[in-house]
Amino acid sequence: MTDTRTTVVVITHNRRPELLRTLDRLAELPEKPPVIVTDNASTDGTAAAVARHHPEVRLLRPGRNLGAVGRNLAVRHVRTPYVAFCDDDSWWAPGSLPGAADLLDRYPAVGAVTARILVEPGGTEDPIVGELRDSPVPRPDWLPGPALGSFLAAATVLRTDAFRAAGGFHPRLWLGGEEELLAADLAANGWWLTYADDLTIHHHPSEVRDPTLRRAHGIRNTLWFTWLRRPVGPALRRTLHLARTVPRDTASLRAFAEATAALPWVLRERRVLPPEVEARLRSLEPAQRASTARSYTG
């Protein structure tokens with residue numbers, strides 16, 4: 001059942017036990033996908049452990065923590081038409097990678113397919129799955145599933161060429177909602193993003209994380225995306241909504257301060273989305289305001 005259409009890309013930083021578990025699960029897949037790991041300057045022996053336990057994995061060691069850009073580095077080495085991302089604490093279920101590849105083969109205007117996420121050890125659906133399944137984004141009749149305005153990197157298979165043409169993940173966003181900008185640029189390039197309920201990825205959340213920092217980056221990156229791509233009116237409305245609804249704490253203050261300090265480069269790089277893509281984003285705004293599955297309101 002070997003399938004040569006999809007390469008799996010994983011980024012990691014100081015989460016050796018979780019990464020080894022993920023690589024064990026990926027190695028058990030009957031489709032035997034090639035796997036590329038970018039070790040973002042781990043200091044816990046991650047690289048040596050990967051080389052010892054999984055010599056078949058291509059290991060990249062950039063020597064510094066690149067954040068999400070570690071995925072860009074890995075994609076430079078991808079030679080398959082499709083690339084599947086997963087985090088070092090998640091893994092694809094058997095059959096899901098070829099299932100995603102089949103969809104991408106069948107629908108040439110689809111650029112990315114996002115899978116259902118099961119949270120381990122209990123195997124319960126991640127709360128975000130309901131929002132993906134019930135996405136309000138208008139879709140063409142031919143699209144095989146709900147149309148999405150963004151995607152979750154840890155649960156998505158993309159066309160390799162589409163990812164490269166859109167520029168990959170922006171180097172300034174690091175981690176935390178970094179997908180939104182790339183998703184919009186994919187859509188601006190003519191690609192549709194969809195959700196597939198019959199594809200599955202398992203997520204066993206690592207305890208080695210800084211949720212406060214990730215939330216601050218998520219708020220900051222939402223602001224940057226909004227200012228980089230949305231027209232003035234919607235950008236102002238979303239900024240004010242965030243200011244009213246995010247927790248009033250140090251993390252939120254830091255996020256707004258970092259976002260505002262970056263206005264010079266944001267304005268230099270600002271490129272408003274085409275009207276049809278902006279219309280898709282506007283359709284998401286009521287759901288975003290009501291979301292209970294996100295790490296911050298908005």
Side-chain angles (χ1 to χ4, degrees), residues 82 85 99-117 125-159 161-163 165-167 170 177-201 218 221-242 245 270-294 296-298:
Y82 310 131
F85 295 123
D102 288 344
L103 281 174
L104 292 167
D105 283 350
R106 195 175 304 129
Y107 298 96
V110 172
V113 179
T114 297
R116 183 175 64 129
I117 305 165
E125 278 192 357
D126 189 298
I128 198 70
V129 169
E131 296 185 17
L132 300 174
R133 190 178 286 135
D134 299 328
S135 171
V137 176
R139 70 183 185 97
D141 292 340
W142 59 262
L143 196 67
L148 302 181
S150 187
F151 64 91
L152 300 163
T156 298
V157 180
L158 299 96
R159 294 184 187 274
D161 288 346
F163 178 90
H170 195 290
E178 71 276 7
E179 301 97 336
E180 193 171 23
L181 179 59
L182 175 57
D185 288 344
L186 286 166
N189 286 348
W191 298 106
W192 284 90
L193 318 177
T194 192
Y195 167 73
D197 207 44
D198 58 338
L199 309 179
T200 300
I201 193 162
N221 290 346
T222 296
L223 290 168
W224 280 349
F225 162 69
T226 300
W227 301 342
L228 282 165
R229 293 292 183 267
R230 304 292 300 274
V232 172
L236 181 59
R237 286 195 300 272
R238 194 172 192 194
T239 300
L240 293 175
H241 175 71
L242 282 172
T245 58
R270 178 171 164 79
R271 186 176 73 248
V272 176
L273 292 167
E276 63 274 16
V277 179
E278 170 60 25
R280 295 180 211 171
L281 297 182
R282 285 200 304 272
S283 72
L284 283 168
E285 289 176 349
Q288 289 172 335
R289 288 194 292 269
S291 173
T292 60
R294 301 172 190 271
Y296 62 91
T297 304

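Given the structure is predicted, the values throughout are model-derived calculations rather than measurements.
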Apply side-chain contact (heavy atoms from CB on, under 4.5 Å) to the pair Leu193 and Thr114, showing each step before the final yes or no.
CA-CA 8 Å; Leu193 318 177; Thr114 297; over 6 Å; no
Between Asp105 and Tyr82, does a side chain to side chain donor-acceptor pair (under 3.5 Å) hold up when you go through it step by step?
CA-CA 10 Å; Asp105 283 350; Tyr82 310 131; 2.4 Å; yes
Before you tell me yes or no, could you show the steps for Val113 and Tyr195 under side-chain contact (heavy atoms from CB on, under 4.5 Å), namely the whole-Å CA-CA distance, both residues' side-chain angles and the distance that decides it to 0.1 Å?
CA-CA 6 Å; Val113 179; Tyr195 167 73; over 6 Å; no
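Checked for salt-bridge contact, Glu285 and Arg280 miss the test: no charged N lies under 4.0 Å from a carboxylate O.
Residues Trp191 and Ala162 share a closest heavy-atom pair of NE1-CB, 3.4 Å. Across every non-hydrogen atom of Leu103 and Ala196, the tightest pair is CD1-CB, 3.8 Å. Counting all heavy atoms, side chain and backbone alike, Ala147 lies closest to Val137 at O-CB, 3.4 Å. Scanning both residues, Pro136 and Leu284, for their nearest heavy atoms gives CD-CD2, 3.8 Å. Across all their heavy atoms, Phe151 and Glu179 have their closest contact at O-CB, 3.2 Å. When every heavy atom of Ala112 is checked against every heavy atom of Leu158, the shortest pair comes out as CB-CG, 3.9 Å.
Note: Trp192 and Trp142 have perpendicular aromatic rings, judged against thresholds of 30 and 60 degrees for the angle between ring planes.
Side chain of Ser135 to main chain of Leu132: no donor-acceptor pair is present (N/O by atom type, distance under 3.5 Å, no hydrogens or angles). Judged purely by atom type and a 3.5 angstrom limit, Thr194 uses its side chain to pair as donor or acceptor with the backbone of Pro146. Here the side chain of Arg270 pairs a donor or acceptor atom with the backbone of Trp227 at under 3.5 angstrom. Judged purely by atom type and a 3.5 angstrom limit, Arg230 has no side-chain atom pairing as donor or acceptor with the backbone of Pro234. Side-chain N or O atoms of Arg116 include none that pairs as donor or acceptor with a backbone N or O of Ala155 at under 3.5 Å. Checking side-chain atoms of Glu278 against main-chain N and O of Leu273 turns up no donor-acceptor pair under 3.5 Å. At least one donor-acceptor pair under 3.5 Å links the side chain of Arg159 to the backbone N or O of Val110.
Between Phe163 and Phe85, a ring centre-to-centre spacing shorter than 6.0 Å is recorded.
With rounding to the nearest 0.5 Å, the separation of OG1 in Thr222 from NE2 in His241 is 10.5 Å. The OG1 atom of Thr156 lies 10.0 Å from the CG atom of Leu199; values are rounded to the nearest 0.5 Å. Here the straight-line distance linking atom CZ of Arg229 with atom CG of Leu181 works out to 5.0 Å at 0.5 Å rounding. The CG atom of Leu223 lies 5.5 Å from the OG1 atom of Thr239; values are rounded to the nearest 0.5 Å.
At a threshold of 4.5 Å between non-hydrogen side-chain atoms, the residues Arg238 and Phe225 count as touching.
Paired with Arg133 under the rule salt bridge (charged side-chain N to carboxylate O under 4.0 Å, His left out), one option of Asp197, Asp198, Asp126 passes, and it is Asp197.
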